Amino acid sequence: MISRSPDSVPPYAMALVSADSRIAELLTELHQLIKQTQEERSRSEHNLVNIQKTHERMQTENKISPYYRTKLRGLYTTAKADAEAECNILRKALDKIAEIKSLLEERRIAAKIAGLYNDSEPPRKTMRRGVLMTLLQQSAMTLPLWIGKPGDKPPPLCGAIPASGDYVAKPGDKVAARVKAVDGDEQWILAEVVSYSHATNKYEVDDIDEEGKERHTLSRRRIIPLPQWKANPETDPEALFQKEQLVLALYPQTTCFYRALIHTPPQRPQDDYSVLFEDTSYADGYSPPLNVAQRYVVACKEPKKK
């Protein structure tokens, strides 16, 4: 058997091994944090039961004595500290999950590069459309919800908040890209960033629906980064598009973005937008309401059609 020296191992292969090792470490750390969360919750349960029993006694006696006031103040102070401790552990767990997802994405890109350089395997077949649609739906469902600390404002790319002016999308990021179609018309498609050149200020992106087949070189103004967090309507409603606001939304079961008006913003964190797509086949020029996930709704800079 011929052994390969470390120097001859391709960089992308080393990246795969490194990512796998780090992911295993993070999963172990995440497991420990989940156990800590449960322990913290079990520990604080006794205090919450005491709060409930104290309120029941006060109702039975129909009075609020100085004793009960002092007792409740102490119990609520402890409950607040317990909740903050559990919250801190959960935030650490969310950070681990975010890092794992990032590494999995880096691993996918490294594996993709490895596939491009592997001559022993035949070219990969285009993904079946049904599988692609399922993956897009899963991507929308697993988009993390922004959970800030009290007083924190949602960051760029949370819900409707656009990217900062100097933001550069990373390889693997999903974007809305304006390209020329076969018939010469321009359309907005769902694409994946391959690279960005600071020398030319241009992106190379792959059409998500034609993976490995069609690559586009586009200027920054033809790229709109997709949200990286869902906005919570209950805590950050200002980070959502509002009713009748003009947007670009991914038409259901397609990989193209079209102009639409917001019909109803999400009311709960798990809700989608309800949008009205521009459609001249309807008398009022708009389709019936259709649901589109936060992941696939971005600002439209073009003016409304009169």
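Heavy atoms only: backbone and side chains are in, while hydrogens, waters and symmetry mates are out. All figures in this text were calculated on a predicted structure; none of them were measured in a lab.
More than 12 heavy atoms of other residues, nucleotides or ligands lie within 6.0 Å of NZ in Lys243, so this atom counts as buried by the packing criterion. For Glu40, the CD atom sits in a packed shell: over 12 heavy atoms of surrounding residues, nucleotides or ligands are nearer than 6.0 Å. For Lys71, the NZ atom sits in a packed shell: over 12 heavy atoms of surrounding residues, nucleotides or ligands are nearer than 6.0 Å.
Residues Leu226 and Leu157 fail the side-chain proximity criterion, which asks for heavy atoms closer than 4.5 Å. Looking only at side-chain heavy atoms (C-beta outward), Ile100 and Leu30 come within less than 4.5 Å of each other. When side chains are defined from C-beta on, Cys158 does not count as touching Gln228, because their heavy atoms never get closer than 4.5 Å. Tyr296 is not listed as a side-chain neighbour of Thr255, based on a closest heavy-atom distance of 4.5 Å or more. No side-chain heavy atom of Ile147 sits under 4.5 Å from any side-chain heavy atom of Trp229. Taking 4.5 Å as the limit, some side-chain heavy atom of Arg259 sits within range of a side-chain heavy atom of Leu248. Put simply, the side chain of Leu26 reaches to within 4.5 Å of the side chain of Glu29, judged on heavy atoms. Under the 4.5 Å side-chain criterion, counting only non-hydrogen atoms from C-beta, Arg91 is in contact with Cys87.
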Item checked: Asp279 vs Tyr258, side chain to side chain donor-acceptor pair (under 3.5 Å): CA-CA, chis, key distance, verdict -> CA-CA 10 Å; Asp279 191 334; Tyr258 297 98; over 6 Å; no
Apply side-chain contact (heavy atoms from CB on, under 4.5 Å) to the pair Arg222 and His216, showing each step before the final yes or no. CA-CA 11 Å; Arg222 288 179 169 267; His216 305 272; over 6 Å; no
Exercise for the section: Carefully, step by step, assess Tyr196 and Asn201 under the rule side-chain contact (heavy atoms from CB on, under 4.5 Å). Expected result: CA-CA 7 Å; Tyr196 177 77; Asn201 286 330; 2.9 Å; yes
Problem - Intermediate values then yes/no, side-chain contact (heavy atoms from CB on, under 4.5 Å), Val292 and Val275 - result: CA-CA 7 Å; Val292 181; Val275 305; 3.8 Å; yes
* Asked: Asp185 and Lys180: side-chain contact (heavy atoms from CB on, under 4.5 Å), yes or no, with the steps?
  -> CA-CA 6 Å; Asp185 288 342; Lys180 277 194 175 181; over 6 Å; no
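The backbone N or O of Glu238 sits nowhere less than 3.5 Å from a side-chain atom of Asp236 that would complete a donor-acceptor pair. Looking at Lys153, its side chain never comes within 3.5 Å of a backbone N or O of Gly151 through a donor-acceptor pair. Using a distance-only test at 3.5 Å, with no hydrogens or angles considered, no donor-acceptor pair links the side chain of Gln36 to the main chain of Ile89. In this structure, the side chain of Lys101 engages the main chain of Thr142 through a donor-acceptor pair within 3.5 Å. A distance-only check finds no donor-acceptor pair linking the side chain of Asn88 to the backbone of Ala85 [under 3.5 Å]. Judged by distance alone, the side chain of Thr254 and the main-chain N or O of Leu250 form no donor-acceptor pair under 3.5 Å. Proximity of a side-chain donor or acceptor of Ser44 to a complementary backbone N or O of Arg41 within less than 3.5 Å is detected. Using a distance-only test at 3.5 Å, with no hydrogens or angles considered, no donor-acceptor pair links the side chain of Ser139 to the main chain of Leu135. Judged by distance alone, the side chain of Arg220 and the main-chain N or O of Tyr167 form a donor-acceptor pair under 3.5 Å. For the pair Asp82 (side chain) and Ala79 (backbone), a donor-acceptor distance under 3.5 Å is absent.
Comment: Arg107 engages Asp20 in a salt bridge, judged by a side-chain N to carboxylate O separation of less than 4.0 angstrom. Salt bridge annotation for Glu56-Lys53: absent, with no cationic side-chain nitrogen under 4.0 angstrom from a carboxylate oxygen. Salt-bridge formation is detected for the pair Arg178/Glu186: a Lys NZ or Arg NE/NH1/NH2 atom is positioned less than 4.0 Å from an Asp or Glu carboxylate oxygen. Between Glu192 and Arg108 a salt bridge is recorded (basic side-chain N to carboxylate O distance below 4.0 Å). The pair Asp271-Arg268 meets the salt-bridge criterion, since a charged nitrogen lies less than 4.0 angstrom from a carboxylate oxygen. Between Glu99 and Arg22 there is a salt bridge, since at least one side-chain N of the basic residue sits less than 4.0 Å from a carboxylate O of the acidic one. Using a cut-off of 4.0 Å between Lys/Arg side-chain N and Asp/Glu carboxylate O, Glu61 and Arg57 are scored as not salt-bridged.
Considering all non-hydrogen atoms of both residues, Trp188 and Ala176 come closest at CZ3-O, 3.5 Å. Of all the heavy atoms in Leu218 and Val205, the pair that sits closest is CD1-CG2, 3.8 Å. Across all non-hydrogen atoms, the minimal contact from Pro227 to Leu143 is O-CD1, 3.6 Å. For the pair Leu132 and Ile208, the tightest heavy-atom approach, listed with the atom from each and the gap, is CD2-O, 3.9 Å. Listed here is the closest heavy atom pair of Ala249 and Phe277: O-CE2, 3.3 Å. Between Ser287 and Leu276 the shortest heavy-atom distance is O-CD2, 3.5 Å.
Following chains of ILVMFWY side-chain contacts shorter than 4.5 Å, one can reach Leu136 starting from Val247, so the two form part of one hydrophobic cluster. Note on Val194 and Val179: separate hydrophobic clusters, where clusters join Ile, Leu, Val, Met, Phe, Trp and Tyr whose side-chain heavy atoms are under 4.5 Å apart, directly or indirectly. Val298 is connected to Tyr251 through a chain of hydrophobic side-chain contacts under 4.5 Å among Ile, Leu, Val, Met, Phe, Trp and Tyr, so both are in one cluster. Cluster annotation: Tyr203 is not connected to Leu190 through the hydrophobic network of ILVMFWY side chains, with a link wherever side-chain heavy atoms come within less than 4.5 Å. Hydrophobic clustering (ILVMFWY, side-chain heavy atoms < 4.5 Å, transitive): Trp146 and Leu94 are in distinct clusters.
Interatomic distance, Leu75 CG to Gln52 CD, rounded to the nearest 0.5 Å: 12.5 Å. Separation of atoms CG (Leu261) and CD (Gln245) is listed at 10.0 Å; rounding is to 0.5 Å. Interatomic distance, CD1 of Ile97 versus CG of Leu27, reported as 10.0 Å (0.5 Å rounding). To the nearest 0.5 Å, the span separating OG1 on Thr78 from NZ on Lys80 amounts to 11.5 Å. Rounding to the nearest 0.5 angstrom, the gap separating the OH atom in Tyr286 from the NE2 atom in His263 is 13.0 Å. The structure places CG of Leu246 at 4.0 Å from SG of Cys300, a figure rounded to the nearest 0.5 Å.
Using cut-offs of 30° and 60° for the angle between ring planes, the Tyr76 and His55 rings count as perpendicular.
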